[in-house]
Amino acid sequence: MTETVFDRIRQPPLVRYVIVFLVGALLALAAGHQYLLADWTTLYLGLPAWLWAQLGVIGVMFVLAWVAVSLYSTTTEDT
Amino acid sequence: MPVTIAQAVFFTYLFLVFLIGVYAARFTKYTPADFYLADRGVGTLVLGLTLAATVLSAFTVFGIGADTSQVGLGPFSFLAIAAVFYTLFFASVGVALYRIGTEHDIVTPAEYIRVRYESPLLGVVYLTVTGIFMLAMLAGQLLGGGVALDALIGIPFTVAVLLMALFMIVYIHIAGYRGVIWSDAVQSTVLFAVLAGVVAYVMVVRDSTEIAESASQEIPGLLDIVGPADLWTPLFVMTAALAFAVGVPGYPHTIQRYFSAGNAQIMRDSGFLFALVAVPIYFFGAVLGVWSVGVIPEPPEPDYVIPLLVETLMHPVVFGIVMAGATAAIMSTADSVALTMSSMLSRDVYREFVNPDATSREEVRATQLLVFLLIVLAVALTLVQPAGIFPLIEFAVVGFATTTAPIFLGVYWDGATKSGATASLVFGPGVTILLFPEIGVIPETLTFGMHYGFIGVLVAYSTFVLVSLLSQTPGEGSVSTYSQSFWGQQSD
């Protein structure tokens, strides 16, 4: 069977770089959105727009964390 | 005095929680593995929800609202970010500790430290240091319970605290860990549903925008991302988030839950379930707090803002459920803390130093006695009221974060040493205590805009690494037995 790019990502050492990249992306998103959303102060349903956008960012972060954890569990499940 | 609807709902709810404990007692075997860990067979749903309930406590229901009503929505920003990072810790150190714990019959975090570093005394040091933060956390929970009972039933604060303490002692004595986690699962679900209902009601039925505008006029800048005092800068939010991201997965009672998972996949999945439940509840507490300013501009006590808001806006039945759910969640968190602390004392002090030949039943009996003593100590601290709910529990969480290096690094790093662990457990928590704003020995200016807990974590981890590098590692046997490679055993 032909090896796909997803198969290659799951193999060390590439998987380790991908996981480190994902954790870095999580940190960048967590810090960066606070700079970008600072002026979003219009109220929607009693809450500022930045808070609604932040919920979206947190959602994206959960997806990235899920991918990182899935890859990590693939690489460590033989221990 | 006639019983109100809210009071009737409150007592009915607590009675149902008590019945869960009585039911759980039928399955409890009074052996250490069962009394502390429910025989290591906990599934994803219950484990995820008990983790959530352990964190969803007086801090979430009363503390966050009290804080956001004064400083803006920053607490939600850092807690939500931290929650995402919890999942990484559960999937890495959580799974590693689950595997090591199951393989070597480890029940408590102090026991892990004792065998990993071949030092019974180090286990006692860990226990003593975490004990300080556990007492702060217990006191924070009892404070919250006192607030709930005072606001709802008008029971004087002192009597309310004593009543809650009594309920907790009886509950743990009867139900053990199984009863605690079953009631936790119910608490999380009920609390989530009811708080979601209250927030949705304010958004859809009431004019939430007008309430928010009133709040903003009352405290200018309350709804800004940095808050009214420009406190919540990205640096402060990130450092607070990172301190909590280490602290919550590093609670001794969270670590004890790693040992109770049914398998590694359950451990990973329950970490996500926990975080996914925690974020909305953090959100509900935070937004109710800022809205409260628009409805009750001058509350008698900041810690009372959410009870007062719910009482003002909602039907008495909803108010009764919120207060009962909150009180029960508070008690289940406190139960977990007390059970973990007492199990460490009985297993790592009583059985190790006092009565090495103790039978399982005697060990459990010692735990039950120690639960009682611990709760008495926590009651004493609560009645002194050293700080509000938010600062007290925040202090406990970041304090726990400073105790994690010997475990989180010890699991992976074969260069970790007993001296490194000891130094870390002294300097990290020590600096945190001196930085705690209520004590304020080290001035806030020396945190350079970062959260004080993060400074403590930095000190703890850097001390651990530095001293470990300069000292001798324990025997190869204990390192290879109680540690594992971070990246697994696959070859490159």
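Residue numbers start from 1 in every chain, and the chains themselves are labelled A, B, ... in the order their sequence lines are given, proteins ahead of strands. Just the heavy atoms: all of them, side chains too, but no hydrogens, waters or symmetry mates, feed the values below.
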Asker: State, without any angle test, whether B:Ser77 and A:Gln54 hold a side-chain donor-acceptor pair at a distance under 3.5 Å.
Answerer: yes
Asker: Could you tell me which portion of B:Ala80 (side chain, backbone, both or neither) has an atom closer than 4.5 angstrom to a non-hydrogen atom of chain A?
Answerer: both
Asker: Assess the residue pair A:Val69 and B:Phe272 against the criterion (side chain to side chain contact (heavy atoms under 4.5 Å, CB included)); give the C-alpha distance rounded to whole Å, side-chain angles, the decisive distance to 0.1 Å, and a yes or no.
Answerer: CA-CA 10 Å; A:Val69 165; B:Phe272 273 94; 3.8 Å; yes
Asker: Measure the OG-CZ distance between A:Ser70 and B:Arg268 for me, rounded to the nearest 0.5 Å.
Answerer: 8.5 Å
Asker: Please list, in residue-number order, every residue in residues 56-63 of chain A that has a heavy atom less than 4.5 Å from any heavy atom of chain B; write 'none' if there are none.
Answerer: A:Ile58, A:Met61, A:Phe62
Asker: Say whether, by atom type as modelled, one donor and one acceptor occur between the side chain of A:Trp50 and the main chain of B:Leu223 under 3.5 angstrom.
Answerer: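 Checked: pair present.
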Asker: With rounding to the nearest 0.5 angstrom, report the CG to CG distance, A:Leu47 to B:Leu73.
Answerer: 7.0 Å
Asker: Under a 4.5 Å heavy-atom cut-off, does chain A meet the side chain of B:Leu276, its backbone, both or neither?
Answerer: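 Both backbone and side chain.
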Asker: Side-chain contact test, heavy atoms from C-beta onward, threshold under 4.5 Å: evaluate it for A:Asp39 versus B:Ile225 and give yes or no.
Answerer: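 The answer is no; the side chains never approach within 4.5 Å.
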Asker: Specify which of B:Pro234, B:Ala275, B:Ala91 makes the most heavy-atom pairs with chain A at under 4.5 Å.
Answerer: B:Pro234
Asker: For A:Trp66, is it the side chain, the backbone, both or neither that has a heavy atom under 4.5 Å from a heavy atom of chain B?
Answerer: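 Answer is both: backbone and side chain atoms of A:Trp66 are under 4.5 Å from chain B.
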Asker: Can you tell which part of A:Leu27 gets under 4.5 Å to a heavy atom of chain B, answering side chain, backbone, both or neither?
Answerer: both
Asker: Between A:Leu37, A:Leu55, A:Thr41, which shows the greatest number of heavy-atom pairs under 4.5 Å with chain B?
Answerer: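 It is A:Leu55.
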Asker: Examine whether an atom of B:Val204 lies under 4.5 Å from a heavy atom of chain A, and if so say whether it belongs to the side chain, the backbone or both; otherwise answer neither.
Answerer: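 Neither part.
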Asker: Give a yes or no answer on whether the side chain of B:Trp291 reaches the backbone of A:Gly46 with a donor-acceptor pair at less than 3.5 Å.
Answerer: yes
Asker: Please flag which part of A:Leu51 lies under 4.5 Å from any non-hydrogen atom of chain B: side chain, backbone, both or neither.
Answerer: side chain
Asker: At their closest point, which heavy atom of A:Ala31 faces which heavy atom of B:Met238, and how far apart are they?
Answerer: N-SD, 3.7 Å
Asker: Which residues in residues 208-217 of chain B have any heavy atom closer than 4.5 Å to a heavy atom of chain A?
Answerer: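 From residues 208-217 of chain B, the residues near chain A are B:Ser208, B:Thr209, B:Ala212, B:Glu213.
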Asker: At a heavy-atom separation under 4.5 Å, does B:Phe85 approach chain A through its side chain, its backbone, both, or neither?
Answerer: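 Only the side chain of B:Phe85 comes within 4.5 Å of chain A.
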Asker: For B:Phe283, is it the side chain, the backbone, both, or neither that has a heavy atom closer than 4.5 Å to a heavy atom of chain A?
Answerer: side chain
Asker: Given the options A:Gly32, A:Ala65, A:Ala68, which has more heavy-atom pairs under 4.5 Å with chain B than any of the others?
Answerer: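 Looking at each option in turn, the highest pair count goes to A:Ala65.
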Asker: Check the pair B:Ile81, A:His33 against side chain to side chain contact (heavy atoms under 4.5 Å, CB included), reporting the backbone distance first and the verdict last.
Answerer: CA-CA 11 Å; B:Ile81 291 168; A:His33 83 273; 4.0 Å; yes
